[in-house]
J.: 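Take this structure first; my questions come after.
Everything numeric here is computed off the predicted structure, so don't read it as measured data. Numbered from 1 within each chain, the chains take letters A, B, ... in sequence-line order.
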There are 2 protein chains.
Amino acid sequence: MSTPIRPHPPETRSRILDAAEVLFVEHGFEATSMRMITSRAGVNLAAVNYHFGSKDALIQEIFRRRLTELNRQRLAALDKLEAEAGGATLKPSHIVEAFFGTALALAADTEHGGHTFMRLLGRTYTEPNTFVRQFLAEEYAEVLERFLGALYRALPDVPREEILWRFHFMMGAMSYAIAGTDALQLFAGNFDDADPARLMPRLMSFLLGGLRAPLPDHAELEKQRRGGREAA
Amino acid sequence: MSTPIRPHPPETRSRILDAAEVLFVEHGFEATSMRMITSRAGVNLAAVNYHFGSKDALIQEIFRRRLTELNRQRLAALDKLEAEAGGATLKPSHIVEAFFGTALALAADTEHGGHTFMRLLGRTYTEPNTFVRQFLAEEYAEVLERFLGALYRALPDVPREEILWRFHFMMGAMSYAIAGTDALQLFAGNFDDADPARLMPRLMSFLLGGLRAPLPDHAELEKQRRGGREAA
DNA sequence: GTCTATAATCTGATAGAC
DNA sequence: GTCTATCAGATTATAGAC
């Protein structure tokens, strides 16, 4: 039988992935050349094409290896919540924590590139019409369906479109939260508390406040029209 | 005397700016070549260097012409609020509307490229270490000082760092809100309400809910330590 | 698997005629 | 101000030796 764990893993692959991740978040996809990547990784220029086929395939692999694991954790967290609830409706705060807390935990990992990747992900999410967008949509499909469904059930009085928008707003806040430690410094000289351990409760308070905010007028009207019992 | 208004304005300049704005938001700065810009603008390849000097100078000019006007409107809105209040403390919701409402109004302008630019701005804000970041910091310095100061006075019980973070989160939510009409479609097939007129109240409710959310534990403790009168 | 050398293309910028 | 032609350099990707 072949050994399932190789004694000398092909570290060239992961060296390239790690180097590319850092360079992509620093300079963007297009501005990062193969030469920059291979030079930083300490491997030969031709190694990227040998191991991944092309620059685009390398980009895809960067997202695939991280997102598969992140979304697996998210689904596991949601599974756990639903098992504990045993059929009862979940609390919105728990759903939000399962989705965004997992991501923030990854972003707090500065040792193994989790922080780097989450910055990259947050930026890519609203980025140009690259092939990455299509790829992200596929990777996120199942997770979003599960979490949005859970929120719809947890907040039956809130119009679904309102939940969808607020979920989107929350992703924006999270994206800036993760990028923020660097970005805030720029125009806030008096900014001195970038402790990542405090970021989690900070962001969670904000997200839940936004999610549970009073509905805007037109949504409030729609809610009543659907049979809510708010004061006339 | 020379005529202050030219009968035949040099529209080449603005044609280049408009074309570049669209291409930059679609493909990013690096992936957009001079040839793409001049081709779309219908001008000669050499025109960019003649009118702006370099590609980087063109990028700066794109931000300058829009940001100067946007921030002028923001400061005017804040001036008006303070004049009406006559020394009294402003309402947080009014401050937020003056800052984010102005931006959202520009983003609602799809006719003259306002929407395009605001998408570009939202992305650039968390982007690589380009020269644009430094430029943004300078353009934003005065506006941020004024608006943050107003929020500090409007919310004296909230630690300033907490306000700073929440302001940052709000910018993230707005950025995604503006980009969202396109981004949401990707993984939300059931999404059919992209009416920009409804985006404003949607976002404002969310932002204010987040801004006024209960403070996270450590911030709550700090508030009490500073002399707040919350229950022990 | 790793390397060198190179093909084929694209880039920003400029010189100089009009 | 606009145009053509072109420079000098960088880009991805690959062919082929080791």
Side-chain angles (χ1 to χ4, degrees), chain A residues 2-3 5-63 65 127-132 135, chain B residues 2-63 65 124 127-132 135:
Chain A
S2 64
T3 54
I5 300 174
R6 303 177 223 178
H8 232 306
E11 68 170 342
T12 297
R13 251 187 83 96
S14 50
R15 286 175 66 86
I16 292 174
L17 288 170
D18 292 342
E21 210 169 49
V22 173
L23 290 170
F24 283 150
V25 76
E26 260 175 34
H27 306 103
F29 297 120
E30 299 284 341
T32 302
S33 69
M34 303 282 240
R35 280 162 181 80
M36 291 163 72
I37 296 169
T38 52
S39 165
R40 182 185 174 103
V43 302
N44 187 270
L45 170 61
V48 170
N49 278 283
Y50 176 80
H51 285 280
F52 301 95
S54 71
K55 185 181 179 181
D56 282 0
L58 167 64
I59 295 175
Q60 277 212 4
E61 179 57 20
I62 286 178
F63 282 89
R65 71 164 177 168
E127 238 180 26
N129 290 321
T130 57
F131 64 96
V132 186
F135 180 71
Chain B
S2 65
T3 54
I5 299 174
R6 303 177 223 178
H8 232 306
E11 66 170 342
T12 296
R13 250 187 83 96
S14 50
R15 287 176 64 86
I16 292 174
L17 288 170
D18 292 341
E21 210 168 49
V22 173
L23 289 170
F24 283 149
V25 76
E26 261 175 33
H27 305 103
F29 296 122
E30 299 283 341
T32 302
S33 69
M34 304 282 241
R35 283 160 180 84
M36 289 165 71
I37 296 170
T38 52
S39 165
R40 181 185 175 104
V43 303
N44 188 269
L45 170 61
V48 170
N49 278 284
Y50 176 80
H51 284 279
F52 300 95
S54 70
K55 185 182 178 181
D56 282 0
L58 166 64
I59 295 175
Q60 277 211 4
E61 178 58 20
I62 286 179
F63 282 89
R65 73 164 175 167
T124 307
E127 238 182 28
N129 291 322
T130 57
F131 65 97
V132 186
F135 180 71

J.: What's the CD1-C1' distance between B:I16 and D:dC3, to the nearest Å?
T.: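 These atoms are roughly 14 Å apart.
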J.: Let me know the distance between CE of A:M36 and C1' of D:dA10, rounded to the nearest Å.
T.: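 In whole Å, D:dA10 C1' lies 12 Å from A:M36 CE.
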J.: Give the table of side-chain donor-acceptor pairs shorter than 3.5 Å for residues 36-48 of chain A, with sequence neighbours excluded, one pair per line with atom names and distance.
T.:
from: A:T38; atom 1: OG1; to: A:M34; atom 2: O; distance (Å): 2.9
from: A:T38; atom 1: OG1; to: A:R35; atom 2: O; distance (Å): 3.4
from: A:N44; atom 1: OD1; to: A:A46; atom 2: N; distance (Å): 2.9

J.: What is the separation between atom CZ on A:F52 and atom P on C:dG1, rounded to the nearest whole Å?
T.: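 Computing the A:F52:CZ to C:dG1:P distance gives 12 Å.
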J.: Scan nucleotides 12-18 of chain C nucleotide by nucleotide, 5' to 3', and note B when protein non-hydrogen atoms come under 4.0 Å of the base, S if they reach only the sugar-phosphate, - if neither.
T.: BBB----
J.: How about B:F52 and B:R13: do any of their side-chain heavy atoms sit closer than 4.5 Å?
T.: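 In short, these two side chains touch, coming nearer than 4.5 Å.
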J.: Who are the ring pair (Phe, Tyr, Trp, His ring centres under 6.0 Å) partners of A:F63, not counting sequence neighbours?
T.: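 Checked A:F63 against ring pair (Phe, Tyr, Trp, His ring centres under 6.0 Å); matches are A:F117.
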J.: Is there a side-chain contact between A:D56 and A:V132 (heavy atoms, below 4.5 Å)?
T.: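 A:D56 vs A:V132: side chains apart.
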J.: OP1 or OP2 of D:dG1 sitting under 4.0 Å from any side-chain N/O of B:N44?
T.: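 It does not, given that no N or O in the side chain of B:N44 lies less than 4.0 Å from OP1 or OP2 of D:dG1.
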J.: Rounded to whole angstroms, how far apart are CD on A:E11 and P on C:dT2?
T.: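 From A:E11 CD to C:dT2 P: 9 Å.
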J.: Would you say a side-chain N or O of A:T12 is under 4.0 Å from OP1 or OP2 of C:dG1?
T.: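 The answer is no; no side-chain N or O of A:T12 sits under 4.0 Å from OP1 or OP2.
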J.: Measure the distance from CZ on A:R15 to P on C:dT2 and round it to the nearest whole Å.
T.: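 Those two atoms, CZ and P, are 11 Å apart.
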J.: Quick check on DNA chain D: between A:A31 and B:A47, whose nearest nucleotide comes earlier from the 5' end?
T.: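 Its nearest nucleotide being more 5', the pick is B:A47.
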J.: Working to the nearest 0.5 Å, report the span between CD1 of B:I59 and CZ of B:F29.
T.: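 Interatomic distance, B:I59 CD1 to B:F29 CZ, rounded to 0.5 Å: 5.0 Å.
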J.: Is any side-chain heavy atom of B:E21 closer than 4.5 Å to a side-chain heavy atom of B:R65?
T.: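 Of all side-chain heavy-atom pairs linking B:R65 with B:E21, at least one is under 4.5 Å.
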